[in-house]
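Notes follow once the structure below has been shown.
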Amino acid sequence: MDSMATLPIVQYEEKIIETVERNPVVVVIGETGSGKSTQLSQMLYRRGYADSARIAITQPRRVAAVTVARRVAQELGVQLGEEVGYAIRFEDRTSHRTRIKYLTDGVLLRESLVNPELNEYSVIILDEAHERSLNTDILMGLMKRLAKIRTSNLKVLITSATLDGDKVSNFFRDCPVLTIPGKLYPVEILYSKERPSSYLESSLKTAIDIHVREPEGDVLIFMTGQDDIEKLVSKLEDKVRSLEEGSCMDAIILPLHGSLPPELQASKLCSDSIFLIENCAYHWLELFSASCKYYNFYMNQYKVRVFSPPPPSCRRIIVATNIAETSLTVDGVVYVIDSGYVKQRQYNPSTGMYSLDIVQISKVQANQRAGRAGRTRPGKCYRLYPSQVYNDEFLDVTVPEIQRSSLAGSVLYLKSLDLPDIDILKFDFLDPPSSESLQDALKQLYLIDAIDENGAITSIGQKMAELPLEPSLSRTLMEANDYGCIPEALTVAAMLSAETTLLPGRSKTEKKRKHPEPNLPDGFGLGDHIQLLQIFECWDQTDYDIGWCKDNGLQVRGMLFVRDVRKQLSQIMQKIAKGPLDRRRGESRQDYRNLRKALCVGYANQLAERKMHHNGYRTLGFQGQVVQVHPSSVLKADDLGKFPDYVVYHELIATPRPYMRNVCSVEMRWVVPVINKLKTLDVYKLSGGTGPVEEENERNIPDLPKKNVEVTAGVDDSESRIQAARERFLARKGKK
DNA sequence: GAGCACTGC
């Protein structure tokens, strides 16, 4: 563990204090190992900055907030939760005595919903701002405004990376930039002569070369995903086994990615660091609602695995995703192999579709990866691409999340803050999202009644913003409140919040089984939302039995998370609930009509209509994408093999074929109001009449008749055909 | 009939 005296930042204390004293905003470039996360707050604390109010330090990750707070409490010799505390979702470990408060950026955002001036704080430090998380980006915009309003009693510090320090400084009116060197050992960068045709093969060859020729030290290989990792691990194992015995040291090959259970990640990598283990365990405990019931169970697992020592004189070759870039630190790494790629989720605002693409990393990421080789002694980084690619093709910084996600939630949040001097469409972002993306968000919010036709937030929208959910789910909850099905809607919302962690862990062996979970409910064939609800209800009936989850192939961690989310949502809903928030066990036997009606209102922006003669669907509201129900869905076709005419979907994912994931059947008569609303949509007006006028309007109106038209497609007499089809549609509507 | 980078309220 570093002692305070050896941290580089300590020598800069005077300079830092002096700069902060004179400026409302300061950018601090703190390289890895500079000690900025633990020391900045203490310096300011010592100089009296926490006398009148608190010092807040945000972190993009929960574990980081907890770890750093614990460390600082230790250094100051105080009890965690007293002078030094932290706040993360589900857990607030602060007291009235707390002067230094670590929190996740999301928690600070929630706090500013209650108190937009954030008067509780005299100093706000946005740490790791270079990671450009969606929340940090929004906070940066808010800080710019706050610094202007609270000139006399607020200091803002932004920590960032070398490559975009100036950019952040420009954003904050050319505020000063302080650079604090890190405590990394030098890392030699070695480039490939050319781009490999297969970076899997190239990684394999490089790793074996290192293993055979270089002195001891672990190897860390950055790959893009689980699939490649598993392939490379098995190839490496074969190769290592085939090496002549005694020709070099032993090697163990370890995969490392997010879908491995956390205790496995810890056991393999933290040979000497009880510190990290303790925090992993803590993280788990805190996920388990502090009910100590499960604590011993998991601690025992940790003990068994964690303290088993690694084989002596054995090189570890770790094959990882970018989880090892920031979230997990692996001790003992001396060699890094960087493929130069990463898997990134992107949102397309014109289709409403997400895709998961393999993209080139940025220079910041490449340097972060290289830095992983120099933590314990001088290291080497093998980049599997030429230096020219790094210089000419890599972006300086990663495309910020705000430019890669749907902004409906963020826009609603900003609208709900009701800052008189802030216009959302002109909101001052470090990197503004495209106007297309903002208009998409406005359109979505309008369709679910969160904003009115002029773009002003409605009373429904105001209540929705208080819920830590995506807008479609918070709208569903509001509607469920009127239909008397809050208990069910709460469960569905919570289940979908944990979506990815919930579904059965798909290991290689499970893949082969055709029906892995025969005992799980099927949603009565009505759709996945209903199934999720039924699954939770079954689990509830077992009194949250962990064994039950395991027997049914459900991730324990995910299910416990769902229980916590549901509890949190139900606390927030308590204030406005018109009926009970829970059903008596076993009471809920119904056809889920009201719940599906509520879903139809909440997902008005995520509706699809089945095509006439097959089971493909067309999305309404976007450009009418043709999409399929995801094969994993439990939605049932009728006796004629037809899916329902209308469904709502939770997510569109292009993989690369476009699928709707998590669908629920709805009835046409519930859909009609939505379609009518789509017709009145005026994006220009929604933008407050300030946005650019675009033809957007035309294509936002679902081209309802088209599906009927296709039957006779041929000559172009579209006008009359559309008219005829519209009549057919109306007739059909009348019949039902 | 198919495929899952990583976070977070």
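Within every chain, numbering begins at 1; the chains are lettered A, B, ... in the order of the sequence lines, protein sequences first and strands thereafter.
Atom CG of A:Asn662 and atom P of B:dC4 are 15 Å apart (whole Å). Atom CD of A:Glu466 and atom C1' of B:dC9 are 13 Å apart (whole Å). When the C1' atom of B:dA5 is taken as reference, atom CE of A:Met223 falls 13 Å away, rounded to whole Å. The CG atom of A:Asp564 sits 15 Å away from the C1' atom of B:dG8 (whole-angstrom rounding). The interatomic distance linking A:Phe561 (CZ) with B:dG8 (P) rounds to 9 Å, in whole Å. The separation between A:Asp357 atom CG and B:dC4 atom C1' is 14 Å, rounded to whole Å. Atom CZ in A:Arg661 sits roughly 9 Å away from atom C1' in B:dG3 (whole-Å rounding). A:Phe222 has its CZ atom 12 Å from the P atom of B:dC6, to the nearest Å.
Using a 4.0 Å heavy-atom cutoff across all strands shown, A:Arg110 reaches at least one base atom of the nucleic acid. A:Leu109 comes within 4.0 angstrom of nothing in the nucleic acid, heavy atoms only. Within 4.0 Å of A:Val107, counting heavy atoms only, lie sugar-phosphate atoms of the nucleic acid but no base atom. Residue A:Asn322 is classed as a sugar-phosphate contact, given heavy-atom separations below 4.0 Å to backbone atoms only.
With ring centers used as reference points, A:Tyr649 lies 6.0 Å or more from A:Tyr617. Taking the six-membered ring for Trp and the full ring otherwise, the centers of A:His529 and A:Tyr603 sit less than 6.0 Å from each other.
For B:dT7, the OP1/OP2 oxygens have no side-chain nitrogen or oxygen of A:Thr326 closer than 4.0 Å. Taking only side-chain nitrogens and oxygens, A:Arg657 comes nearer than 4.0 Å to OP1 or OP2 of B:dA2. For A:Thr655 and B:dG3, the shortest distance from a side-chain N or O to OP1 or OP2 is below 4.0 Å.
Taking the nucleotide of DNA chain B with the nearest heavy atom to each of A:Pro468 and A:Arg404, the more 5' of the two is matched to A:Arg404. Along DNA chain B, the nucleotide nearest to A:Leu467 and the one nearest to A:Gly225 differ in position, and the one closer to the 5' end is contacted by A:Gly225.
Shown here are the salt bridge (Lys or Arg N to Asp or Glu O under 4.0 Å) partners of A:Glu325, two or more places apart in sequence or in another chain: A:Arg369.
Between the A:Gln531 side chain and the A:Pro521 main chain, a donor and an acceptor come within less than 3.5 Å of each other.
Ranking B:dA5, B:dA2, B:dG8 by closeness to the A:Thr104 side chain, first place goes to B:dG8. Side-chain proximity of A:Tyr659 to the nucleotides B:dG8, B:dA2, B:dC9 is greatest for B:dA2. Looking at the side chain of A:Pro631, the nearest of the listed nucleotides B:dG8, B:dA2, B:dC9 is B:dA2. When each of B:dT7, B:dC4, B:dG8 is scored by its nearest atom to the side-chain atoms of A:Arg62, the top-ranked nucleotide is B:dG8.
Classification of B:dC4 as syn follows from a glycosidic angle within 90° of 0.
If you check the side chains of A:Asn115 and A:Tyr121, you find no donor sitting under 3.5 Å from an acceptor.
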Report task. Give the C-alpha distance, both sets of side-chain angles, the deciding distance and a yes or no for salt bridge (charged side-chain N to carboxylate O under 4.0 Å, His left out) between A:Lys363 and A:Glu393. Result -> CA-CA 9 Å; A:Lys363 288 185 180 127; A:Glu393 287 185 27; over 6 Å; no
